[in-house]
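Everything below concerns the one structure shown next.
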Amino acid sequence: MTRVFLIGFMGAGKSTIGPPLAARLGLPFLDLDHLIEEKEGRSIPQIFKEDGEPYFRAQEEAVLKQQSGSFLLSLGGGAFITPGVRAYIKETGVSLFLDLPVDLLYARVAGDENRPLAKDRDQFTALYNSRLPIYREAEVIWKNDALTAITPEEVVFQCESALTPVITRT
Ligand code: S3P
């Protein structure tokens with residue numbers, strides 16, 4: 001069984017990189033936010049508004065643990081911060097952290113109505129800074145300073161190269 005968990009802050013490109021990377025690795029692609037929205041029959045902003053963030057975090061952990069078999073799964077930006085999620089990922093698979101500068105991340109998601117935690121630049125940056133040491137617990141880290149343009153294809157290629165030796169060991 002092979003499980004790859006794609007982690008990173010909002011705007012890191014998890015949903016863009018996830019499907020082609022999964023295809024390269026020969027794994028089905030899963031997106032945790034989409035699985036939660038399907039199960040709940042409502043959007044992430046609705047869940048936050050109607051039931052609050054702690055409810056959403058509990059759903060992340062529960063839905064993650066319901067998935068079976070091999071896959072590459074993209075997590076929402078906060079899921080890896082939940083201790084139970086992190087422990088489960090460390091036990092069952094390989095985590096890959098997409099590490100990009102916070103200014104670039106904010107530029108990508110600013111004003112996105114679907115992201116309740118991306119409304120204010122200072123709050124966004126503070127949240128990023130508080131999470132960064134935890135993201136860095138990932139087994140594999142793909143880092144880019146974004147000063148040079150890089151295509152999604154190149155990111156996928158580099159991530160695949162970084163993951164392959166780790167996956168063949170597990
Ligand atoms: C969140 C990130 C979002 C989504 C929710 C909470 C977070 O996913 O799960 O809005 O806490 O960082 P993306 O990382 O795909 O934007």
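Just so we're clear, the structure is a prediction, and the values are computed from it rather than from any experiment. All ligand and atom numbering here is 1-based and tracks the order in the structure.
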Exercise. Taking the side chain as C-beta and beyond, is there a heavy-atom pair between Lys65 and Val85 under 4.5 Å?
Worked result: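 A side-chain contact under 4.5 Å is absent here.
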Exercise. Would you say the side chain of Leu105 lies within less than 4.5 Å of the side chain of Val109, judging by non-hydrogen atoms?
Worked result: no
Between ligand 1 and the protein, find all N/O pairs closer than 3.5 Å and give the distance for each.
residue, atom, partner, partner atom, Å
ligand 1, 8 (O), Asp33, OD2, 2.9
ligand 1, 9 (O), Asp33, OD1, 2.9
ligand 1, 9 (O), Asp33, OD2, 3.0
ligand 1, 11 (O), Arg57, NH2, 2.6
ligand 1, 11 (O), Gly78, N, 3.4
ligand 1, 11 (O), Arg131, NH2, 2.8
ligand 1, 12 (O), Gly78, N, 3.3
ligand 1, 12 (O), Arg131, NH1, 2.7
ligand 1, 14 (O), Lys14, NZ, 2.8
ligand 1, 14 (O), Gly77, N, 2.8
ligand 1, 16 (O), Arg115, NE, 2.6
ligand 1, 16 (O), Arg115, NH2, 3.3

By the ring-ring contact (aromatic ring centres under 6.0 Å, His included) test, which pairs, at least two apart or in different chains, include something from [range]?
{"range": "residues 107-144", "answer": "Phe9-Phe124, Phe9-Tyr128, Phe97-Tyr135, Tyr106-Phe124"}
{"range": "residues 64-86", "answer": "Phe5-Phe71"}
{"range": "residues 16-52", "answer": "Phe48-Phe56"}

Problem set entry | Distance-minimising heavy-atom pair for Ser15 and Ser74 |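 In this case the closest contact between Ser15 and Ser74 is N-OG, 4.4 Å.
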